[in-house]
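Just so we're clear, the structure is a prediction, and the values are computed from it rather than from any experiment.
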Amino acid sequence: MSNLLFTNTVKAGRLLRMLGWVILAFTLGVGSAFGIALAIPVFTALDASMQSSLANALLRPMVPVAWILAVAACFGIAFLIVGAYIKKYKPWAKVSWVLLALMSLIYVPIGMMIGCFVLFYLAKGWKERPTVTGL
């Protein structure tokens, strides 16, 4: 069994990837809920002219929400990418790791808990090198 599976760096990488998946799932869920809530009145409108005017009236206020969801999805993807490279002990990923862990603290409560654990593992494993024993 390898000792590489249980290092603090690998644990932090796994936690970052888990937070990335949680953020993407939440973003997809919220986006789907808003999309369904907007689509029902548009598709139940009686005629085509009413559908287009109703769609314009409903979609215009949704533009800021769509941008917020797109930024959140980008953060989720960034968590996934950095988490993968942390597990490979890439030096550039450790700096990104600190920034993303600090940014994850705004995702209360799950992101805050995971961010605290990631920062804890970061402090413990900052100077770790990949070592494999027992092969």
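Under the rule for a side chain to side chain contact (heavy atoms under 4.5 Å, CB included), the partners of M112 that lie at least two apart in sequence or sit in another chain are L105, V108, C116. Residues satisfying the ring pair (Phe, Tyr, Trp, His ring centres under 6.0 Å) criterion with Y85, sequence neighbours excluded, are W92.
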Could you tabulate the donor-acceptor pairs under 3.5 Å formed by side-chain atoms of residues 26-33, not counting sequence neighbours?
| residue | atom | partner | partner atom | Å |
| --- | --- | --- | --- | --- |
| T27 | OG1 | I23 | O | 2.7 |
| S32 | OG | L28 | O | 2.8 |

Which donor-acceptor pairs under 3.5 Å do the side chains of residues 68-82 make with protein atoms, sequence neighbours left out?
none

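The CG atom of L19 sits 10.5 Å away from the CE atom of M113 when rounded to the nearest 0.5 Å. Going from atom OG1 of T7 over to atom NZ of K87 covers 10.5 Å, rounded to the nearest 0.5 Å.
Hydrophobic cluster membership is shared by L16 and F117, with clusters built from Ile, Leu, Val, Met, Phe, Trp and Tyr side chains linked at under 4.5 angstrom.
Summarising the geometry of R17 relative to A84, their closest heavy-atom pair is NH1-CB, 3.1 Å, with the distance given to 0.1 Å. Contact detail for K124 and N8: the closest heavy-atom pair is CB-ND2, 3.4 Å.
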